[in-house]
Amino acid sequence: MAESEQVGGIPANEQIADVIVNHQHDINLSDFAVKRVLSVNPQRKTIFLEGCFKDKEGKAVLLLEKQAFEEKSVAHITANAELSKLFVNDCYGSYECFPEAKLNGIKTTLIFPATDKHIKKFESQPIHIIEETKDYYKNITLPHLTQDQFNLQWVYNILDGSAEVDRVVLEDKDPNTGFVLLPDLKWDGKQTDSLYLLAIVRPHGILSLRDLHNEHLPLLINIRDKCLAAILERYGVPKSQLRVFLHYQPSFYHLHIHFTYLQFEAPGIHAEKSHLLSTVINNIQLKPDYYQEATLAFAVRESDNLFTSYENKGIVKRCPPKEENETQNSN
Ligand code: M7G
């Protein structure tokens, strides 16, 4: 079912209103009951949980991420810390440190009510690469998108100024070449070491990279030039230290461009998912319909219905269940 349609018989707009009401007034994390761990990433120091709230209908997804140290507050750690010794060997000591001072909190994202598609997005899963030809796009990916995609209400709220208004860094109201630039949900908007901004285009109906052609060049160039200038002015980060890219496939099919600090290994920057804006512009300048003609590779999780659409056509095969794998390996 398309998430942009209805869930539980409630029109999408009303569901969103309900989410906002819940988020603003009602949410207390101590009422959150963990149902299962969706995934853990020790390197990123994240844990993603599925759960629910006491006395509330609906599933919830809770994303917890330990934050980077802030240089300015590091003195608080040493000032009143209790050290618990793990081991000492010669001049090398290993300890766990329990600082008394209140340090930076845990970055917490809550999706409530969460759909099954949200839960699948954060679940640890085998991933596959699909080489999407223009015919696969037309016959498999596009029909899938019209059936099953995330609700875009949060995008429309930003564009019409009804959400995250105080976070907007730059706005261009031109209906064809305009955009809104603001911090991504994943960024606290403060530490430039993890800078992550999004430029969301004003025109509706450009689903993704696949739709881009020469008529969109003024839009892409306008975003590139104005956003790079705004980021330099606001955060002091020059364009040579920014990674400016689009995702393919994105999670949300309303065109948007990611701006991250180059030295920050943001999620989704790998070769199978990200396309530098400079390359995209250049490809279209060389061949106006490049993205309609090209074979584009993308990564997809087995739990994603898009994977199933490709699997049903015999283009990709699911991994055997773990036990089978282990048996095969031990043979
Ligand atoms: P994407 O390329 O569609 O997919 O990026 P990805 O999630 O696989 O990267 C969408 C981007 O929008 C992501 O970087 C999200 O963190 C960000 N994002 C998602 N939501 C629901 C919001 C939101 O409500 N506000 C803001 N500011 N960013 C969001």
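Remember, it's 1-based here, ligands and their atoms both numbered in the order they're listed.
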Specify the closest pair of heavy atoms between Phe264 and Leu195, including all atoms of both residues, with the distance to one decimal.
CD2-O, 4.1 Å

Considering all heavy atoms, the nearest Thr308-Arg318 contact
OG1-NH2, 3.6 Å

[atom]: nearest protein contact (heavy atom, Å):
atom: atom 6 (P) of ligand 1; result: Ser251 OG, 3.3 Å
atom: atom 7 (O) of ligand 1; result: Lys121 NZ, 2.8 Å
atom: atom 25 (N) of ligand 1; result: Glu164 OE2, 2.6 Å
atom: atom 28 (N) of ligand 1; result: Leu185 N, 3.1 Å
atom: atom 1 (P) of ligand 1; result: His256 NE2, 3.2 Å
atom: atom 11 (C) of ligand 1; result: Asp184 OD2, 3.6 Å
atom: atom 2 (O) of ligand 1; result: His247 ND1, 2.6 Å

Going by the side-chain hydrogen bond (donor to acceptor under 3.5 Å, both in side chains) test, name the single residue among Glu132, His275, Lys273 that passes it with Tyr248.
Glu132

For Tyr156 and Ser162, which I'm curious about, is there any donor-acceptor pair between the side chains at under 3.5 Å?
no

Would you mind telling me if ligand 1 is within reach of the side chain of Leu198, the backbone, both or neither, using heavy atoms under 4.0 Å?
side chain

Does only the side chain of His118 get under 4.0 Å from ligand 1, or the backbone, or both, or neither? Count heavy atoms.
neither

Contacting atoms of ligand 1, where contact means under 4.0 angstrom from a heavy atom of [X]:
X: Arg167; value: 27 (N)
X: Lys186; value: 13 (C), 14 (O), 15 (C), 16 (O)
X: Pro250; value: 2 (O), 3 (O)

For His118 together with Phe150, are the ring centres under 6.0 Å from each other?
yes

Nitrogen or oxygen atoms of Pro183 and ligand 1 under 3.5 Å apart
yes

Using distance alone, determine whether Phe252 and ligand 1 share an N or O pair under 3.5 Å.
yes

Salt bridge (Lys or Arg N to Asp or Glu O under 4.0 Å) between Arg202 and Asp172: does it pass, once the steps are laid out?
CA-CA 8 Å; Arg202 274 225 172 269; Asp172 179 332; over 6 Å; no

Exactly one of Phe259, Tyr235, Tyr196 should register a ring-ring contact (aromatic ring centres under 6.0 Å, His included) with Trp187. Which one does?
Tyr235

Could you establish whether Pro267 and ligand 1 come within less than 4.0 Å of each other, counting only heavy atoms on the residue side?
no

Indicate yes or no: does Asp188 engage Lys107 in a salt bridge with an N to O separation below 4.0 Å.
no

Can you say whether the rings of His204 and His254 are parallel (under 30°), tilted (30 to 60°) or perpendicular (over 60°)?
perpendicular

For residues Tyr253 and Phe245: do they belong to one hydrophobic cluster (side chain heavy atoms under 4.5 Å, members Ile, Leu, Val, Met, Phe, Trp, Tyr)?
yes

Please state which option from Tyr196, Trp154, Trp187, Tyr248 has its nearest heavy atom closest to atom 24 (O) of ligand 1.
Trp154

